[in-house]
There are 2 protein chains.
Amino acid sequence: MNVASDRAKPGAAEKPTLYKRIRLDIETRILTGEWPPGHRIPFEHQLMARYRCSRMTVNKALSELAQADLIERRRRAGTFVRRPQHMSAVLKIADIRAEITALGRSYGYQLIDCRRRAATAADRARLGVSTAGKVIAIACRHSADDVPFAVEDRLIDLSTVPEAATADFAREPPGSWLLHHVPWTEAEHTISAVVADEHTAKALDIAVGAPCLVIDRYTWRSARTVTAVRLHYPGDTHRLVARFKGG
Amino acid sequence: MNVASDRAKPGAAEKPTLYKRIRLDIETRILTGEWPPGHRIPFEHQLMARYRCSRMTVNKALSELAQADLIERRRRAGTFVRRPQHMSAVLKIADIRAEITALGRSYGYQLIDCRRRAATAADRARLGVSTAGKVIAIACRHSADDVPFAVEDRLIDLSTVPEAATADFAREPPGSWLLHHVPWTEAEHTISAVVADEHTAKALDIAVGAPCLVIDRYTWRSARTVTAVRLHYPGDTHRLVARFKGG
DNA sequence: TTGACTTATATGTCTAGACATATAATCGTG
DNA sequence: CACGATTATATGTCTAGACATATAAGTCAA
């Protein structure tokens, strides 16, 4: 969660509580560079004196800043501004239907192929599972204002998500269905670039050899594979945007 | 911060503190689906009784889960499991030198071009600034084990980072220099795919028309633009990986 | 100089209260 | 029934203590 979110709240300038004021004071000093990375910030008892409050109040402010990785706390040594981390960005990859409608464009969906089968060796390799079981393989296309937006090639592990057998993927895109029916705990994205082969070019209505952005996503639910999906986007029109903050 | 991080710690099974146990218990129930989105979790006084502790201890556990957006707290109404959010991924985009050396490969760097100039109209548009000023324009290449890894085209706003004028970008890559010398507060990435033009193909030692992953990154420091950079990676060999968790 | 031991100290966790505040639920009235 | 006023209640914040624990720093002996 963004620690700075309180500041960003629109509307009235409500009187902030004391611990939030302390947290904001410290955060501001860090973000302006007044307290550079590695700087030791005042001890809790010093902040108690400065703000005339109890240690628990100071501690709450510092704990939240530590949870947000802005500071590092070391017993006996004190509390320190963290060095600039690796550049980590929050990449919002929404459900495609939500993404398109959020842009104010009309969402279209075409199911190309949907079949249920016993997992082949290739399926098991793709899902990263060793045991045999049933899977659903889906190919479909998403469009925005009737222009092809992305093609999707998905595998769902029915042993993890048996309910998926009853879902109607002709009506509802599998990504939306899964997002609303299956709590996921972890996922991994791999983003790469390819040039469109004949099959992809036809589905996206672009030229063979045109650039495509490819997203591979694996989703787990408590160590069990839920789904593996590969999405092809036209690379020249689609962009992933990641906004983030750091310290 | 990842709320589940304590669980992921390697090594000894240290006795967790009480509030962490409460937090983990609740988190587990949410992640396994036992408490689905919208479910009201027990009131603080109920948890006090269950764990035989004070309200502050329960409150600390719940506050951290709320900060991690796993639950939502409403006065008078109670505390509820949040609906599944958008899929937001933490995309780690490290400094390229660090990224390559972390892979155990030898890092190479070639400065192609570095010039200091008054900002042209194009420079100002790219940096998103309206006032004239000096900039540094840099072109360089990163390689791993002597194989081209990425080409970089960067603009640094000297009015925000005057120290950059004294940096030796022939010796140190500008990304590394900036990461270690300039605290950044915000940035934005745009990821897209293109096919290599002649110039890029030559620099990356790939064929014209081969796919490239492009990352555009804009970095700010308290509302002032620091730098704008465009990186081209060979799309077939380079991948961005984002691992994340959700609820 | 080095290594083992001791001590001081800052953070980590916790308690048993307190008052504030937003709001869901209830009640009463037109 | 609709709507405004009242009340009950769950969370939000805060206090002034306590003991636990990791560890930086100092001490002393080999």
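Letters A, B, ... are given to chains in the order of the sequence lines, protein chains preceding strands, and every chain is numbered from 1.
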Open item on the list: I'd like to check the side chain to side chain contact (heavy atoms under 4.5 Å, CB included) partners of B:Ala77; sequence neighbours left out, ordered by chain and number.
Closed with: B:Arg74, B:Phe80
Open item on the list: Output the rounded distance in Å from CZ (B:Arg75) to P (C:dC19).
Closed with: 17 Å
Open item on the list: Side-chain N or O of B:Lys60 versus OP1/OP2 of C:dT13: is the shortest distance under 4.0 Å?
Closed with: yes
Task: Length of the line joining B:Leu18:CG and C:dT13:P, which is rounded to integer Å - done: 11 Å
Short N/O separations, protein against nucleotides 3-9 of chain D, under 3.5 angstrom:
unit_1, atom_1, unit_2, atom_2, d
D:dA8, N3, B:Arg76, NH1, 2.9

Open item on the list: Base, sugar-phosphate or nothing for A:Thr79? Non-hydrogen atoms, less than 4.0 Å.
Closed with: sugar-phosphate
Open item on the list: Pick the closest DNA chain D nucleotide for B:Ile41 and for B:Met56 by heavy atoms, then say which residue is nearer the 5' end.
Closed with: B:Ile41
- [ ] Return the value, rounded to whole Å, for the distance between atom CG of A:Asn59 and atom P of D:dA16.
- [x] 16 Å
Open item on the list: Output the rounded distance in Å from CD (A:Gln46) to C1' (C:dT11).
Closed with: 14 Å
- [ ] Mind calculating the distance between CG (B:Leu65) and P (D:dT11) to the nearest angstrom?
- [x] 13 Å
Open item on the list: Without decimals, in angstroms, what is the distance between B:Arg55 CZ and C:dG17 P?
Closed with: 14 Å
Open item on the list: Under 4.0 Å between a side-chain nitrogen and a carboxylate oxygen: does that hold for A:Arg23 and A:Glu64?
Closed with: yes
Task: Spacing of B:Ile22 atom CD1 relative to C:dC14 atom P, expressed in whole Å - done: 8 Å
Task: Interatomic distance, A:Lys20 NZ vs D:dC14 C1' [rounded to whole Å] - done: 14 Å
Task: Ionic contact status for A:Arg82 with A:Glu72, cut-off 4.0 Å - done: no
